[in-house]
Amino acid sequence: MTGDAGAPRPGGQAIHIEDLVGAVVADSSGRRVGRVVDIEVRPRAGWEVTALMMGRFGVLDRFDTLRAVPYRLRGFGDEQVVAWADVATFENRRVTLRPGASPSPAGGEATSGTAGERNPTQPEAAE
Amino acid sequence: MTRPGPDRPTALRGALLVRDVLDAQLEGADRKRVGRVGDLRAVWSDDGQLRVTTILVGPQVLLGRLSYRLRGAAQRVLGDRFAHTIPIEDVEEVGPTVRLRGRAETYTVAAGDAWVADHLLRWIPGSGRSRR
């Protein structure tokens, strides 16, 4: 159920990460800006969620092996991220951003190539 | 107005939950397999931080991934018999596998696999387990 995912605001609410993945992201006016395809965390900082990675290819983003195809064809630079600090609400599997917040282009080495590649080293080695 | 907080990320660092953790093989410190990460539970606290707290393993977790509507039904049918949780603090390393700090036998998740091996696989010729 998404009762836990239906928390309109924080307050010790439990969230299943699987509910967050695939959720629609909308800005404060309700305009859809993408879907959550991955979630960035900092394991060495108490597994804090820092950003939502958004994709444009719906269910293709969920399949590692297929995911590379559209991004290779269209360029991975299309992918965008939104800081978790910019999230206002998460209810009914829909993420709404705070007023004035908007996604920014993803960059950096961690997303180069295909997102299906496993990081062979400690994930935070780059930090 | 955007709530004060960390600067908007321009580069992704750290681990990615879908890429690196969900569905990943769990293994103990002794490199024995424990199970697979089915889902993760996180808590959104009053200070606005969302932190992953628990690894969820078990068939009802997988049903919940098919559809969140199945989560309640799976809970009613299966109860907590096959559900297992592992504190996220037990994760030692995230890489090709998710390695835990404890040995495999310390996690009840592995008990189901051990039961299958001891009671079912032992009857298969060539399994390496003698029939007593």
(request) Start with the C-alpha gap between B:Leu50 and A:Trp47, add the side-chain angles, then the distance that decides, and say whether side-chain contact (heavy atoms from CB on, under 4.5 Å) holds. (result) CA-CA 9 Å; B:Leu50 180 65; A:Trp47 288 83; over 6 Å; no
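- A:Trp84 places a side-chain N or O within 3.5 Å of a backbone atom of B:Gly48 that can act as its donor or acceptor partner.
- A 4.5 Å side-chain heavy-atom check between B:Trp44 and A:Val87 finds at least one atom pair inside the cut-off.
- Both A:Ile39 and A:Val33 sit in one connected hydrophobic cluster of ILVMFWY residues. Membership requires side-chain heavy atoms under 4.5 Å apart, directly or through other members.
- With A:Arg42 contributing its side chain and B:Ala15 its backbone, the two residues share no donor-acceptor pair below 3.5 Å.
- No donor-acceptor pair under 3.5 Å is formed between the side chain of B:Asp39 and the backbone N or O of A:His16.
- With values rounded to the nearest 0.5 angstrom, A:Ile15 atom CD1 is found 14.0 Å from B:Arg51 atom CZ.
- With rounding to the nearest 0.5 angstrom, the CG atom of A:Asp38 is 7.5 Å from the CG atom of B:Asp20.
- Using a 4.5 Å cut-off between heavy atoms, A:Leu97 makes no contact with chain B at all.
- Of the inter-residue distances, the one linking B:Arg41 atom CZ with A:Glu18 atom CD reads 14.0 Å to the nearest 0.5 angstrom.
- Inter-residue side-chain proximity for A:Gln13 and B:Val43 is flagged as unmet; no heavy-atom pair is nearer than 4.5 Å.
- Put simply, the side chain of A:Val37 does not reach to within 4.5 Å of the side chain of B:Val18, judged on heavy atoms.
- Applying the salt bridge (Lys or Arg N to Asp or Glu O under 4.0 Å) test to A:Arg32 and every residue at least two apart in sequence or in another chain returns nothing.
- Once rounded to the nearest 0.5 Å, the distance linking CG of B:Leu56 with CD1 of A:Ile17 reads 10.0 Å.
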